[in-house]
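Reviewing the structure listed below.
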Amino acid sequence: MTTSSLSPLILVDGSSYLFRAYHVPYLQALSTADGQPTGAITGVLNMINSLKKDYPQGNVVVVFDAKGKTFRNDLYPEYKANRPPMPEDLRSQIAPIHEIITAMGLPLLVIEGVEADDVIGTLARQACDLGIETVISTGDKDMAQLVSPNVRLINTMTDVEMDEAGVLEKFGVKPDRIIDYLALMGDKVDNIPGVEKCGPKTAVKWLTAYDSLEGVIANADQVKGKVGENLRAALEQLPLSYELATIKLDVALEQGVAELRPKEANVEALTALYQKFELRRLLAELTAGQVAGDGTDAAGEAEAEPEISAEYDIIYEQAAFESWLKQLDEADCFAFDTETTSIDYMKAELVGLSFACEVGKAAYVPLKHDYEDAPGQLDIDYVLGKLKPLLEDKNKAKVGQNLKYDANVLAHYDIELQGVAFDTMIESYCLNSVATRHNMDALAEKYLGYKTMHFEEIAGKGAKQLTFNQIDIEKAGFYAAEDADITLRLHQAIYPQLEKSPNQLSVYQNIELPLMPVLAKMEQHGVLIDSDLLDQQSRALGKRLEELEVEAHNIAGKSFNLGSPKQLQQILFEELKIPVIKKTPKGAPSTAEEVLQELALDYPLPKIILENRGLSKLKSTYTDKLPLMVAGKTNRVHTSYHQAVAATGRLSSTDPNLQNIPIRSEEGRKIREAFIAPENHKIVAIDYSQIELRIMAHLSGDPGLVSAFTQGRDVHRATAAEIFAVDLDQVTSDQRRSAKAINFGLIYGMSAFGLSKQLDIGRHQAQQYMDKYFERYPGVLTYMEDTRSQATEQGYVETLFGRRLYLPDIKSKNQMRKKGAERAAINAPMQGTAADIIKKAMLAVDAWIREQNDPRIKMTMQVHDELIFEIHQDIVEETTAKLVEIMNNAVDLDVPLIAEAGIGDNWHQAH
DNA sequence: ACCCATTCCTA
DNA sequence: GTAGGAATGGGTA
């Protein structure tokens, strides 16, 4: 029986499903025996079959994007310019999908010069004219503009249908204003320009107030504030954005809706295809269908693959807990996560624990939920007592997300977490440090295409946010169990990718993962601060700041806030009529330090502002703040080192940031006097000398630069001698300063323009210096050129140890971005190799300290090229010598690696 | 209460 | 010119 002419039209946006299926992790693993990936094929077919099942009377038509440019590229050349090319393992699945769909007998449309959306739009409109009901199956929000009384959308992933009321509810505007809405927001992914800072909320607000895009444009001058300016700046672009966002309804099609009818399935061809791509389940169903004598609908009866589905238990009873314990004990590897009262590991108290041994099955063990009428929970000492042997067993593999945090929390419960076999945060960071942020929500979205439940959804936000112990156990249990489950799924999605790249896997296994417990130990131990000294400094600074404020107000002739750049601009450039030297990126007259420095030569106020700025920075950020960060438990300050933040491989430090404690200015340096050693101990600071320049020498292999280091010369002096063609002992201090600026500039990927600004010389002169430099050190020039072309060709650069940094902007058509990416490409191998080296040194140092088993030696801080220790005075000399030796030999380069040590009662003295 | 731009601290 | 974090003011929600 054929479908009647009034059976609903089901339009499938094949391309949208293709991409979604490609990113589903359990599908990613699928391939034929000879390696042809089949995950996307399977996914798309499952979705089509599931649709056929949901709409048995439906007339299914499948539409895909064609290869190549579309009319939108003609309208706007940058359209979708940011899209990376389609990955090969996806591309190779397209032709098979087309073949299979055709063999199934379904009409398949692939029209060049337009997108699938436009074909779907056109068909929907034709159907509408014929009075046929249409359902569009897509994951693309842009399609909402097509919704009408006769046209609905369905999201097959979520099985949610959307009619006109649904569009209004979801987007806040009716379907006939969706294009206006999209035009205002623009689209980062497709590179459609919109109004800067205008997101869904603002777009809806404006469309509600002014009805349509036309209305918004007409009333643009009434919109206040920054967004208003952005709107006015975008006025000319908006009609183009509108056009780009508009789905065409009049594509010329060879076959209209009336002609698009399903044919008999070609069972023979289908069988061959299913065999070829080893789609066993589909094959089995096809055969079963044949036997039942129902060839055409065989595939339609297929069960869809289950989506992310899960069974989460909440454990209240001892018996249930012990049964889980047994599962954990028997599992090769399990995921676990702690739920606590705070993100600050020093304040966090355990509220519950979650576990997962296999995907889709997880459990939450609530322990300390204490809201009114909270149900009874297992005793924390009992639970931890049972778990302790498992958690401390280094042969029992665990996987987690940012387990350093959990390790720090558990340390307060006398559990030393061991056997951390995998950490999904670090996996993602080692695979691609810049593709995403590395928190679980972002990872789940990127690698699983799954939106996790956000903490705010169960805890609320702002001042009224609940802590975990106050959250209803049933809600909390789902969230917590999901975390463990998702962690396991993430590991399964990310780790196989990491394994494909031996160098990156090595960085993960040999550097990052072993470093985690070392960092945890440093964080736990903390650093000792002399709060009294800092308080004293705060008072002195406060007094001086008051004096400066009075002086400044006198000169200005009125009172103003010295800390406000805006008010200062007003005073300096409008009231005192001082000339503007430089503008901020936003176009306001800049009052940055270099500007004030120059103005200070001719005017009195800038000098006062400079001193005020410097001192108030010291006071607010350091002398006031640090004493407040001393933890009650230990009387010390405990930073957090972040292992998955810096793109280049460096660590970063927050709460407080101990990697930017002042040293350059006299007053600032004093703050380091407050970083003290405990009784009978010394602070030892050991830093690598010129590490990045040495790495440049090693990586470039330039003979001149290498020999400068092997012969132990002052490298800046040696460089100056070469550039200025004078003897080493004839180099003036000015020449050395210039050479130093060039050496550093090179590490930063600098241009002649940058150097001229740095040295305050002409551009021509700067170019001459650089030419001379490259003439003397041609290996460096070759290295820079090679790095740049390597970055362009493969899209990433690598450190000496194989850490990778991807540079998506290297292909940008925006010259600013492209140049920026080139500079980053030059810098990353050097900064990143330095990061690798000090991390290796930390591992070697930690191994040695553990071997000594001597509590009188502690590593307390890392500041990129420097390690800081607390060492008992009785053993400080020999221990320091040993540590220097370990750091010197952390890696083997073609130039010597030199660490220099200082010893003192505080960090200042140790420098 | 939150987001942003600006400024300034480090390697 | 590279890589970070934090404080501040000021506008908007």
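Note that these values count all heavy atoms, side chains included, but never hydrogens, waters or copies made by symmetry. Throughout, protein chains are lettered first and strands after them, A, B, ... in sequence-line order, and every chain is numbered starting at 1.
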Kindly list each side-chain donor-acceptor pair under 3.5 angstrom involving residues 652-659 of chain A, sequence neighbours excluded, with atom names and distances?
from, atom 1, to, atom 2, distance (Å)
A/Ser653, OG, A/Thr639, OG1, 2.8
A/Ser653, OG, A/Pro656, O, 3.3
A/Ser653, OG, A/Leu658, N, 2.8
A/Thr654, OG1, A/His642, NE2, 2.6
A/Asn657, OD1, A/Gln659, N, 2.7
A/Gln659, OE1, A/Ser653, N, 3.3
A/Gln659, NE2, A/Gln862, O, 3.0
A/Gln659, NE2, A/Gln862, OE1, 3.0

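Between C/dG1 and A/Lys757, a contact under 4.0 Å exists linking OP1 or OP2 to a side-chain N or O.
If you check every strand for non-hydrogen atoms under 4.0 Å, A/Glu866 touches nothing. Residue-level contact check: A/Ile661 touches the backbone only, with heavy atoms under 4.0 Å from sugar-phosphate atoms and none from bases. Here A/Arg613 lies in heavy-atom contact (under 4.0 Å) with sugar-phosphate atoms only.
Checked against salt bridge (charged side-chain N to carboxylate O under 4.0 Å, His left out), A/Lys607 has no partners two or more places apart in sequence or in another chain. Scanning for side chain to side chain donor-acceptor pair (under 3.5 Å) contacts around A/Arg544 gives A/Glu547, A/Glu611, with sequence neighbours left out. Under the side chain to side chain donor-acceptor pair (under 3.5 Å) criterion, A/Asp771 pairs with A/Gln767, not counting sequence neighbours.
Rounding to whole angstrom units, NZ of residue A/Lys566 and P of B/dC4 are separated by 16 Å.
The salt bridge (Lys or Arg N to Asp or Glu O under 4.0 Å) contacts involving residues 639-654 of chain A comprise A/Arg650-A/Glu692, where partners must be two or more places apart or lie in separate chains.
A/Tyr796 carries A/Arg804 over the face of its six-membered ring, with the cationic atom under 6.0 Å from the centre and within 45° of the normal.
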Starting at the 5' end of nucleotides 2-7 of chain C, put B wherever the base has a protein heavy atom under 4.0 Å, S where only the sugar-phosphate does, and a dash everywhere else.
BBBBSS
